[in-house]
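Below you'll find the structure, written out as structure tokens, and then a few comments.
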There are 2 protein chains.
Amino acid sequence: MGATKTDHFTDQQNKIAIIAKALGHPARIAIIEYLLKVNACICSDIVDELPLAQPTISQHLKELKNAGLIKGSIEGTSICYCINEETFSLLKEYFANIISTVANQKCC
Amino acid sequence: MGATKTDHFTDQQNKIAIIAKALGHPARIAIIEYLLKVNACICSDIVDELPLAQPTISQHLKELKNAGLIKGSIEGTSICYCINEETFSLLKEYFANIISTVANQKCC
DNA sequence: ATCAAATATCGTAATATTACTATATAACAA
DNA sequence: TTGTTATATAGTAATATTACGATATTTGAT
């Protein structure tokens with residue numbers, strides 16, 4: 001075993017899980033926060049910013065991109081990465097929904 | 001290699017990553033959604049609800065609890081698990097913040 | 001054409017996760 | 001006590017992730 005049984009869950013559940021998983025690493029959170037900080041969508045001087053090797057950063061960027069959390073567009077030799085607002089909105093909605101549901105519940 | 005370099009990131013970054021990671025599995029999303037659905041905080045008839053063995057569910061519950069996403073209190077033979085609103089609020093705030101920051105940015 | 005800069009990909013070692021079976025523990029009921 | 005129910009833990013196989021060095025690839029400059 002060891003493989004996740006994705007086929008037993010709904011598409012929505014898998015989608016949220018994939019996005020959350022992509023955020024489930026401090027380096028990827030740091031990348032997101034860096035992209036936010038530099039306002040303009042600067043590419044990989046992220047390598048200078050984080051204590052990780054270039055191939056590792058590249059791998060993390062790929063996962064963020066696959067999950068739809070960032071977008072990247074070619075800009076000469078470099079690539080301009082930036083936040084994909086849509087996906088973050090989806091997350092915010094999802095959690096807002098959870099909270100408003102919980103608000104009406106009494107438990108433990 | 002293989003171990004995450006947590007010590008290079010801020011406490012906040014690690015905390016968000018830990019919470020996100022806990023949500024990064026469809027079974028755990030399904031557990032959260034089930035807890036929301038049953039309103040009252042019913043314990044592990046989750047085992048009947050999901051296509052996973054009891055110890056696997058127990059393991060997933062433990063991770064959700066460690067991340068602070070759910071709370072569990074002993075109720076006789078069983079344990080009453082329920083959503084921990086606080087942590088979800090934290091997430092919602094975090095993403096709301098990201099969105100309002102991105103809203104002012106132009107990129108790619 | 002040649003070189004440098006920016007990224008991506010390959011291969012791989014170390015470690016973590018997922019899921020299971022078997023077994024333990026804890027609380028209540030008969 | 002004995003059994004039953006609910007849950008947790010231990011051990012383990014299969015697989016995934018993380019990180020890196022080495023090596024492509026791609027584009028722009030000289």
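Residue Tyr81(A) has no polar side-chain atom (N or O) positioned under 4.0 Å from OP1 or OP2 of dA6(C). Taking only side-chain nitrogens and oxygens, His60(B) never comes nearer than 4.0 Å to OP1 or OP2 of dT17(C). For dT17(D), the OP1/OP2 oxygens have a side-chain nitrogen or oxygen of Lys21(A) closer than 4.0 Å. Between dA8(C) and Ser58(A), a contact under 4.0 Å exists linking OP1 or OP2 to a side-chain N or O.
Put simply, CD1 on Ile79(B) is 15 Å from C1' on dC28(C), counting in whole angstrom units. Atom NE2 in His8(A) sits roughly 15 Å away from atom P in dT18(C) (whole-Å rounding). We find that CZ of Phe9(A) is positioned 11 Å from C1' of dA19(C), with the value rounded to whole Å. Atoms NZ (Lys62(A)) and C1' (dC20(D)) sit 16 Å apart, rounded to a whole Å. Note: CG (Asn14(A)) to P (dT18(C)) measures 13 Å, nearest angstrom. Distance CD1 (Ile74(A)) to P (dA8(C)): 9 Å, rounded to an integer number of Å. Rounded to an integer number of Å, the gap from CZ of Arg28(B) to C1' of dA19(C) is 12 Å. Rounded to whole Å, atom C1' of dT18(C) lies 14 Å from atom CG of Leu64(B).
Comparing dT9(C), dT18(C), dG21(D) by their closest approach to the side chain of Glu63(B) singles out dT18(C). The side chain of His25(B) lies closest to dA19(C) when the candidates are dA19(C), dT7(D), dT18(D). Considering only the side chain of Ser78(B), dT7(D) comes nearest among dA22(C), dT7(D), dT17(D). When distances are taken from the side chain of Thr56(B) to each of dC20(C), dA8(D), dC20(D), the shortest belongs to dC20(C).
Of the candidates Leu69(A), Leu64(A), Leu36(A), Leu36(A) is the only one forming a side chain to side chain contact (heavy atoms under 4.5 Å, CB included) with Ile83(A).
Judged by distance alone, with hydrogens and angles left aside, Gln59(A) brings a side-chain donor or acceptor within reach of the base of dA19(D), the pair sitting under 3.5 Å. Remark: the Gln54(B) side chain and the dA8(D) base include a donor-acceptor N/O pair separated by less than 3.5 Å.
Among the protein residues, Leu52(B) comes within range of the sugar-phosphate backbone only, with heavy atoms under 4.0 Å from sugar or phosphate atoms but none that close to a base. Here Ile57(A) lies out of heavy-atom contact (under 4.0 Å) with every strand.
The aromatic rings of Phe95(A) and Phe88(B) sit tilted, their planes meeting at an angle between 30° and 60°.
Looking only at side-chain heavy atoms (C-beta outward), Lys15(A) and Leu90(A) come within less than 4.5 Å of each other. A 4.5 Å side-chain heavy-atom check between Leu23(B) and Ile16(A) finds every atom pair outside the cut-off. Looking at Leu52(A) and His60(A), their side chains come closer than 4.5 Å, going by heavy atoms from C-beta outward. Taking the side chain as every heavy atom from C-beta outward, Glu63(A) and His25(A) never approach each other to under 4.5 Å.
Nearest-nucleotide mapping onto DNA chain D: of Pro55(A) and Pro55(B), the residue sitting toward the 5' end is Pro55(B).
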